[in-house]
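All residue numbers refer to positions in the sequence shown, counting from 1. No experiment lies behind these values; they were computed from the predicted model shown.
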Amino acid sequence: MPHLPDAVLWSIPAFVLLTAIEMVSYRLRPADDAAGYGAKDAATSVTMGIGSVFFDLLWKIPIVAIYTALYELTPLRVPVLWWTLPLMLLAQDFLYYWSHRGHHVVRVLWACHVVHHSSEKFNLTTALRQPWTSLTVWPFYVPLVLCGVHPAAVAFLSGVNLVYQFWVHTERVGKLPRPIEYVFNTASHHRVHHASQGGYLDRNFGGILIVWDRMFGSFVAETERPVYGLTKNIHTYNPLRVATHEYAAIGRDLAAAADWRERAGLLFRGPGWQPRHRRATHAADGAARTDPVVTRAADGAPPAPPPPAADTQPVTEPGRRVKRAA
């Protein structure tokens with residue numbers, strides 16, 4: 001078993017120091033066009049981060065058991081050496097891209113990831129706003145284990161990826177030199193990812209590298225200033241509700257579903273999908289339900305893109321993102 005450090009644990013002092021520096025920078029040089037800090041919002045983000053550490057310890061028990069069983073079954077072995085680690089990290093980042101993208105386009109996965117997008121602020125504490133139900137992530141890294149990467153190395157690589165992404169959650173860093181912006185995930189790219197405007201939704205999924213987004217058509221450059229949060233925000237600082245609100249919404253929708261086909265759609269289609277008969281009901285009283293994206297367009301932002309196709313017509317429930325047509 002390779003002896004690798006816990007990248008997240010060793011990075012905590014740097015997290016604290018950089019967050020303090022960012023807070024002081026807003027005190028000394030306020031920015032009218034930045035989301036900045038809110039005391040309650042930051043406290044919620046930190047609470048979610050601390051909670052995720054404890055819940056992740058719980059989820060690791062079955063995950064480690066599954067990874068270990070798969071590792072013993074495969075005849076392949078990748079040694080942990082100075083030159084294999086960068087290659088393994090490249091593979092892990094590629095799988096992270098698909099995990100991240102999947103957690104945006106499949107509703108039951110979005111219920112986990114929506115936690116990270118629930119803040120209307122964007123600062124270094126937002127990076128700490130992590131889900132408590134990350135049990136949905138492990139299947140995406142099974143290929144690494146089957147290729148002979150030790151489960152301990154998989155955990156190390158995931159930690160390195162997570163640590164890298166800490167610094168991209170800030171408005172205090174502008175655009176970097178073009179070669180860096182072209183290859184790596186940066187603060188500019190990640191601001192787009194956290195924005196709720198129609199043209200920015202579900203873009204820039206990369207963890208360390210942004211080249212995956214460029215390759216698979218999900219890249220958008222930062223142009224207009226992002227508006228952070230969800231298309232309809234949940235307006236709560238209660239950590240328990242932040243962690244579970246979309247699961248509760250799924251439960252309500254499943255209870256109202258007419259059959260198992262609808263239930264499957266509500267679980268595995270996009271977060272905005274609703275059965276046809278329910279779309280008709282929402283359309284009837286749609287005048288009373290204004291999409292925040294449309295509201296912002298009326299206030300001067302560029303208009304949202306054309307609505308999705310009929311089978312993916314969005315309905316803006318709390319905590320959901322409007323999905324574009326494929």
Side-chain angles (χ1 to χ4, degrees), residues 55 58-59 62-63 66 95 97-118 131-143 196 198 201-203 205 216-218 229-236 238-295 304-326:
F55 281 102
L58 177 64
W59 305 136
I63 293 172
I66 295 170
L95 295 175
Y97 169 85
W98 290 109
S99 171
H100 195 180
R101 187 166 180 167
H103 278 73
H104 274 252
V105 300
V106 177
R107 189 183 178 195
V108 70
L109 302 183
W110 171 246
C112 164
H113 187 62
V114 67
V115 169
H116 187 60
H117 287 266
S118 60
W132 294 356
T133 55
S134 56
L135 193 60
T136 59
V137 173
W138 70 267
F140 291 91
Y141 300 107
V142 165
S196 58
L201 284 177
D202 301 337
R203 298 291 185 175
F205 300 108
F216 299 111
S218 54
L230 305 167
T231 55
K232 188 168 185 179
N233 291 296
I234 55 176
H235 303 299
T236 182
N238 183 328
L240 185 60
R241 189 180 170 210
V242 171
T244 63
H245 70 271
E246 183 62 10
Y247 291 106
I250 290 176
R252 291 190 296 269
D253 284 347
L254 291 177
D259 52 38
W260 286 104
R261 184 176 180 180
E262 284 189 8
R263 293 186 183 97
L266 290 166
L267 284 172
F268 301 113
R269 286 179 177 257
W273 183 85
Q274 288 287 306
R276 189 178 301 276
H277 68 86
R278 201 176 302 179
R279 291 201 302 268
T281 301
H282 282 291
D285 54 30
R289 305 180 61 143
T290 303
D291 182 358
V293 173
V294 176
T295 302
D311 63 340
T312 57
Q313 181 67 29
V315 177
T316 51
E317 295 296 336
R320 299 189 192 171
R321 287 194 157 208
V322 177
K323 299 298 175 185
R324 297 179 304 277

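Side-chain atoms of His113 do not come within 3.5 Å of backbone N or O of Trp110 as any donor-acceptor pair. A side-chain donor-acceptor contact under 3.5 Å links Asn238 to the backbone of Leu240. Judged purely by atom type and a 3.5 angstrom limit, Ser99 has no side-chain atom pairing as donor or acceptor with the backbone of Leu95.
Looking at Glu262, Arg107, Arg263 one by one, the single match for side-chain contact (heavy atoms from CB on, under 4.5 Å) with Asp253 turns out to be Arg107.
Residue Phe140 comes nearest to Pro143 through the heavy atom pair O-CD, 3.5 Å, listed as atom of the first residue, atom of the second, then distance. For the residue pair Ser134 and Cys112, the shortest heavy atom distance occurs at CA-SG, 4.0 Å. Between Glu246 and Val114, the shortest heavy-atom contact is CB-CG1, 3.9 Å. Of all the heavy atoms in Thr231 and Ser196, the pair that sits closest is CG2-O, 4.1 Å. Residues Ile234 and Ser118 share a closest heavy-atom pair of CD1-CB, 4.2 Å.
Aromatic pair His104/His117: ring centres closer than 6.0 Å. Aromatic ring centres of Tyr97 and Phe216: separated by under 6.0 Å.
Here the straight-line distance linking atom NE2 of His116 with atom NE2 of His100 works out to 6.5 Å at 0.5 Å rounding. Arg101 contributes atom CZ, which lies 8.0 Å from atom CZ of Arg203 (distance to the nearest 0.5 angstrom). In this structure, the separation between NE2 on His245 and CG on Leu230 is 6.0 Å, given to the nearest 0.5 Å.
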Side chain to side chain contact (heavy atoms under 4.5 Å, CB included) between Val137 and Trp59, intermediate numbers included: CA-CA 10 Å; Val137 173; Trp59 305 136; over 6 Å; no

For side chain to side chain contact (heavy atoms under 4.5 Å, CB included), just list the numbers for Ile63 and Leu135, CA-CA rounded to whole Å, side-chain angles, deciding distance to a tenth of an Å, and then say yes or no. CA-CA 8 Å; Ile63 293 172; Leu135 193 60; 3.9 Å; yes

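Side-chain contact between Thr136 and Val106: absent, with no pair of heavy atoms (C-beta onward) separated by less than 4.5 Å. For the pair Thr236 and Val242, the minimum side-chain heavy-atom distance is below 4.5 Å. The closest side-chain heavy-atom distance from Leu254 to Leu267 is below 4.5 Å.
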